[in-house]
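All heavy atoms count here, side chains included; hydrogens, waters and symmetry mates do not. Chain letters run A, B, ... following the sequence lines, proteins first and then strands; every chain starts at 1.
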Amino acid sequence: MNEQEMIKRYIYEVIKRVPQETREEIQMELQSLIDDMCSDEDISVEKVLQKLGDPAEFAKRYRDDHNYVIGPEYYDNYIWVLKLALLGIGISAIISAIVSGVDAFSNSVSGIDNMVNLFINFFTELFATGIGGLLSAVGIVTLIFAIFERQKVKVYVVKPEKNWSVDELSKNATTVKSWTPNSLPPVPDKRAIIQRSDSIVSIVFITIFAALLLFVPQIFGFFHYDGERFTSIVCAFNLDEWSRIIPLFLISLFVGLADQIVRLVTGYYCKIVLYSSIICNAIQIVIAIWLLKFLPFWNPSFESELLTVLDADVQNAVIMLPGNTNAISNIILLIICIASLAEVGVALYKTLKYKELSL
Amino acid sequence: MEKDLLENLLSELRRGTLILCVLSQLGESRYGYALVQTLEEKGVSIDANTLYPLLRRLEKQGLLCSEWDTAEAKPRKYYKRTVFGDQIYTELVKQWNELSNGMNDLLGGMNK
C-alpha cells in the first residue's frame with residue numbers, strides 16, 4: 001500500500017463516522033494536518049497515522065456525543081422495567097410449557113416412557129419460549145428506553161442566548177442546560193401521582209399476553225376435559241392467518257407498553273403522560289379496527305369445531321354464544337373505545353386539574 | 001497500575017486547562033497544526049486528535065471563527081478568537097488567576 005493510499009484510507013475511516021454535512025471539511029482538515037505532520041517532522045506516513053491514533057476514536061471526538069444507550073437518568077427505571085418484563089416472560093414461558101406438556105400428554109398413551117417424554121417436552125418448550133421471549137423483552141425494553149434517552153436530550157436543551165449567534169446558525173447546536181433553583185419543577189400534587197403498582201401490573205400483564213400470543217396462541221380458546229385428559233383445543237383466533245395478525249397485535253401491545261413506561265418514568269399526570277396517552281390509545285384503536293374489521297381475525301370454524309368437541313348434552317349451552325363474529329368484533333371495539341376514552345379522559349382531567357399542563 | 005492511575009489523574013487535570021491554552025494562542029489567526037507546535041514548544045502537549053475536534057467545538061460555541069486559506073499550495077483552516085471569544089477568554093484568565101492563587105495557598109505546604 002503506498003502512502004497516498006494509506007492516507008486516503010485513514011481519512012475515509014474517520015469521515016465515514018462523522019455527520020454527513022461535516023465530512024467534506026473534516027476531510028480537507030485532516031489532509032492538510034497529515035501533510036503538515038509529514039513534512040514537518042520528517043517521519044513516515046505510517047508513523048504519523050500511528051500518532052494520530054485509531055480513526056474510530058478520532059471520529060468519536062469529532063462527533064462529541066455520548067456513547068451510551070441508556071444514561072444514568074433512566075438506568076434505574078430501565079433495570080426495573082426489565083425485571084418486570086422478564087418476570088412476565090418467565091411466567092408465560094411456564095404457562096406455555098405446561099400447555100405444550102398437557103398437549104403432548106393428552107395425545108399419548110400412559111407409561112414411563114411417556115412421562116420422560118412429557119418432561120423433555122416441558123423443558124424444551126420452557127427453554128425455547130424462555131430464551132426467545134427473554135431476547136425480545138430485553139430488545140424491546142431497551143429500544144423504548146433508548147428512544148426516551150434520545151428524546152430527553154432534546155427536551156432539556158435550553159435555547160441559546162442572543163449573543164451566541166453562531167450557535168443559532170448551526171443545525172445541531174449542543175447547549176449546556178442552565179439550571180437555577182427557579183427552574184425546579186413543582187412537586188406534583190399528591191392526587192396527580194400515578195400509582196406505580198398500576199403500571200407494574202399493566203406491564204407484567206402486557207408482557208405475559210404478548211409472549212402467550214407469540215408462542216402459544218392456541219390457548220386462547222376452548223379446552224375440553226373429559227374426566228381423564230384434555231382434548232382438542234378450539235382456538236378463537238384464526239391461526240391460519242396468524243402471520244398477518246400477530247405483527248399488528250404485537251405492535252399494539254408494544255405501544256401499550258411504551259405508554260405504561262412513560263407513566264412509570266414520569267410518575268404523575270402531566271402533559272407528557274397526556275400526549276402519550278392520546279397517541280398510544282389512538283394507535284391502539286386504529287390497530288383494533290384494522291384487526292377486527294379488515295383482517296380475518298376470528299377462527300371461521302370456531303363454532304363448528306366447538307360443536308364437534310362438545311357432548312350433545314352441553315350443546316344447548318352453545319346457544320348462548322353469539323354466532324355472529326361481527327357482533328363480537330363490534331362489542332370488543334366498543335369496549336376498547338370506551339376504555340381508551342376513559343384513560344385519556346382521566347389523564348386530561350388530572351393533568352388540567354393539577355395544573356401540570358402549564359409547565 | 002499506580003502509573004496508570006497517575007496518568008489518568010494527570011490527563012484529567014490537563015483536560016480542564018486545554019481550552020484556556022487553546023484560546024490563549026488564538027488572539028491571532030493560526031491553523032491547527034501550528035497551534036500544536038506552539039503549545040508543544042511551551043511544554044503543553046496536545047494530540048491532534050484532541051485539538052482538531054476541540055477547535056470545531058469552540059467554533060460551534062461561537063468562541064472561535066475560522067477561515068480557509070486556499071491561496072497557498074496547501075489549503076489550511078485558520079482559527080481566531082471572536083469578539084465573544086475575547087470576552088470569555090478575559091473572564092477565564094481572571095478566574096484562572098484566582099484559582100491558581102487559591103491553589104498555591106492550598107498547596108503551600110508542599111511547595112516549600
Side-chain angles (χ1 to χ4, degrees), chain A residues 7 10-11 13-15 17-19 21-43 47-65 157-158 160-176, chain B residues 11 14-16 18-19 22-23 26 29-41 45-92:
Chain A
I7 294 176
Y10 186 88
I11 294 178
E13 284 299 311
V14 177
I15 62 168
R17 294 182 168 90
V18 299
E21 65 271 14
T22 61
R23 284 183 189 166
E24 198 185 339
E25 208 184 30
I26 289 176
Q27 178 174 11
M28 286 167 72
E29 221 168 80
L30 290 182
Q31 184 71 53
S32 75
L33 168 69
I34 294 168
D35 286 350
D36 279 338
M37 286 176 83
C38 288
S39 57
D40 182 70
E41 296 176 29
D42 204 22
I43 50 174
K47 287 232 174 73
V48 166
L49 298 183
Q50 192 68 54
K51 208 172 156 187
L52 287 176
D54 185 350
E57 181 62 27
F58 205 152
K60 204 165 98 186
R61 295 184 186 188
Y62 265 123
R63 281 200 312 271
D64 194 27
D65 54 5
V157 165
V158 174
E161 295 187 9
K162 280 259 163 82
N163 48 0
W164 290 53
S165 54
V166 181
D167 226 347
E168 284 168 29
L169 290 174
S170 66
K171 273 181 193 165
N172 39 2
T174 51
T175 45
V176 186
Chain B
S11 80
R14 285 203 196 102
R15 197 179 304 152
L18 273 185
I19 292 175
V22 168
L23 286 178
L26 291 176
S29 289
R30 263 178 229 267
Y31 61 93
Y33 187 60
L35 191 56
V36 173
Q37 289 172 312
T38 317
L39 290 174
E40 216 145 69
E41 279 165 23
S45 80
I46 179 167
D47 288 330
N49 67 5
T50 304
L51 179 69
Y52 277 62
L54 177 64
L55 287 171
R56 283 187 82 85
R57 207 172 77 220
L58 294 176
E59 184 184 8
K60 208 154 108 181
Q61 291 171 341
L63 298 171
L64 300 178
C65 55
S66 71
E67 203 178 0
W68 278 94
D69 177 11
T70 46
E72 304 285 319
K74 289 180 202 163
R76 280 175 176 143
K77 195 182 186 189
Y78 281 80
Y79 286 94
K80 191 177 185 295
R81 281 202 306 263
T82 58
V83 176
F84 178 55
D86 286 339
Q87 290 169 9
I88 294 288
Y89 173 62
T90 315
E91 185 57 32
L92 283 179

Problem - Residue, of B:Arg56, B:Lys77, B:Gln37, B:Arg76, that accumulates the most heavy atom pairs under 4.5 Å with chain A - result: B:Arg56
Problem - Greater than 12 external heavy atoms within 6.0 Å of A:Lys47's NZ - result: no
Handout entry: Nearest heavy-atom neighbours spanning B:Tyr52 and A:Leu33
Key = OH-CD1, 3.2 Å
Problem - Least distance between heavy atoms, B:Pro75 atom then A:Ser32 atom - result: O-CB, 3.2 Å
Handout entry: Spacing of B:Trp68 atom CH2 and A:Glu29 atom CD [to the nearest 0.5 Å]
Key = 5.5 Å
Fill in the blank from the handout: Note: A:Leu52 and B:Asn49 closest approach over all heavy atoms is O-ND2, 2.8 Å
Exercise for the section: Give a yes or no on this: more than 12 heavy atoms of other residues, nucleotides or ligands lie within 6.0 Å of atom CD of B:Glu91. Expected result: yes
Fill in the blank from the handout: Closest heavy-atom pair, B:Tyr33 versus A:Met37, reported as atoms and distance to 0.1 Å, is CE1-CG, 3.2 Å
Exercise for the section: Mark yes when over 12 heavy atoms from residues, nucleotides or ligands other than B:Glu40 sit less than 6.0 Å from its CD; otherwise mark no. Expected result: yes
Exercise for the section: May I ask you to name which of A:Lys51, A:Met28, A:Gln31, A:Glu25 has the most heavy-atom pairs under 4.5 Å with chain B? Expected result: A:Glu25
